[in-house]
Number of protein chains: 2
Amino acid sequence: MSTADQAILQQPTREEMRVEQVLHALGDPVRLMIVQALAAAPEGVACGVIPLPVTKSTRTHHLRTLREAGVISMRTEGTRRMSTLRRDDLDALYPGLLDGVLAAPR
Amino acid sequence: MSTADQAILQQPTREEMRVEQVLHALGDPVRLMIVQALAAAPEGVACGVIPLPVTKSTRTHHLRTLREAGVISMRTEGTRRMSTLRRDDLDALYPGLLDGVLAAPR
DNA sequence: CCGATTGTACGACATCTGTCGAAGTTCGAC
DNA sequence: GTCGAACTTCGACAGATGTCGTACAATCGG
């Protein structure tokens with residue numbers, strides 16, 4: 001590995017984020033479940049421990065969609081991938097959006 | 001016409017609205033333009049006057065998607081269809097969501 | 001009544017998207 | 001070194017979705 005090795009997977013900067021992409025990422029039932037699970041665990045969660053009604057590969061697909069939209073951040077930790085909500089960036093760009101989504105009646 | 005004639009087109013009640021459907025509706029560039037245009041005109045806007053890069057039929061399609069998700073309300077007024085944002089319902093169900101979306105950097 | 005204006009309905013079509021299974025990769029433990 | 005655990009990658013595939021053009025419907029003004 002190089003000395004500049006990054007444990008954090010590629011994700012858009014705050015400037016690169018687009019609201020329609022964020023909304024599209026949030027507009028899927030499985031991805032919304034992931035976001036709700038991450039909201040309850042500010043320190044991050046291993047992808048695998050979130051209960052989801054899909055297979056591993058589909059899970060990977062949704063996590064990448066969320067990451068590329070800028071909704072979550074992922075870092076490698078051993079063989080685990082830890083995910084966290086990018087709360088600060090989302091709140092800065094779209095104040096109230098995330099809270100509104102999380103406040104939705106279940 | 002019957003005495004119970006309704007000028008307001010069918011739309012979900014507040015209880016019937018689902019957050020993932022709302023987010024999905026908002027997650028399209030054209031529909032987002034519509035919402036931004038409606039946000040600037042609380043009294044309602046005729047569908048046709050919103051500048052959009054699509055044809056009439058596509059416009060109708062997007063307006064129906066927004067209406068069926070509960071984002072907008074439509075009523076007939078002569079040969080016009082007036083659309084309005086369902087601000088009160090959205091704010092009640094998902095406080096902050098709409099404001100966050102509208103605050104997005106253009 | 002006629003025509004113009006507005007918008008909807010329908011069918012077609014290319015693309016996107018969510019889903020899966022199988023195979024590959026990376027890391028930690030023994 | 002070998003095994004298992006945790007994810008990713010790839011290819012495939014069915015269904016959803018955005019788009020258009022044409023045809024149809026309703027309303028208002030002369």
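Just so you know, these numbers come straight off a predicted model, no measurement behind them.
Across B:R87, B:R86, B:R67, B:M82, a single residue satisfies side chain to side chain contact (heavy atoms under 4.5 Å, CB included) together with B:S73, and that is B:R86. Considering A:R80, A:R81, A:R75 as possible partners of A:E77, the one that fulfils the side-chain hydrogen bond (donor to acceptor under 3.5 Å, both in side chains) test is A:R75.
In terms of phosphate contacts, A:R31 brings a side-chain nitrogen or oxygen within less than 4.0 Å of OP1 or OP2 of C:dG18. Residue A:R80 places no side-chain N or O under 4.0 Å from the OP1 or OP2 atom of C:dC27. Residue B:T79 places no side-chain N or O under 4.0 Å from the OP1 or OP2 atom of D:dA26. Look at B:R59 and you won't find any side-chain N or O under 4.0 angstrom from OP1 or OP2 of C:dG7.
Contacts of B:H62 with the nucleic acid, taken as non-hydrogen atoms under 4.0 Å apart, involve only primed sugar atoms and P, OP1 or OP2. When heavy atoms are screened at a 4.0 angstrom cut-off, B:M74 is found touching the sugar-phosphate backbone but no base atom.
The backbone N or O of A:C47 sits less than 3.5 Å from a side-chain atom of A:R59, completing a donor-acceptor pair.
Of the candidate nucleotides C:dC20, D:dC7, C:dG18, C:dC20 has the atom nearest to the side chain of A:T55.
Here D:dT8 presents its P atom at 13 Å from CE of A:M82, a figure rounded to the nearest Å. Summarising the geometry, the separation between CD on B:E20 and P on D:dT17 is reported as 13 Å, rounded to the nearest angstrom. Per the geometry, CZ belonging to A:R67 stands 14 Å off P belonging to D:dC7, to the nearest Å. Protein atom NZ of A:K56 is 15 Å distant from nucleotide atom C1' of C:dT19, rounded to whole Å. In this structure, the NE2 atom of B:H61 is 14 Å from the C1' atom of C:dG11, given to the nearest Å. Rounding to whole angstrom units, CD of residue A:Q21 and C1' of C:dC16 are separated by 14 Å. Remark: C1' of C:dT17 and CG of A:L66 are 14 Å apart, rounded to the nearest angstrom. Atoms CZ (B:R64) and P (D:dT17) sit 12 Å apart, rounded to a whole Å.
To the nearest 0.5 Å, atom CG of residue A:L26 and atom CD of residue A:Q21 are 11.0 Å apart.
Counting atom types as modelled, B:T58 pairs no side-chain N or O with a base atom of D:dG18 as donor and acceptor under 3.5 Å. Residue side chain B:T60 does not reach the base of C:dG7 through any donor-acceptor N/O pair under 3.5 Å, judged by distance alone.
Along DNA chain C, the nucleotide nearest to A:T76 and the one nearest to A:H24 differ in position, and the one closer to the 5' end is contacted by A:H24. Residue whose closest nucleotide on DNA chain C sits further toward the 5' end, between A:G78 and A:V30: A:V30.
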- Item | side chain to side chain contact (heavy atoms under 4.5 Å, CB included) assessment of B:D28 paired with B:T65 | CA-CA 10 Å; B:D28 176 275; B:T65 300; over 6 Å; no
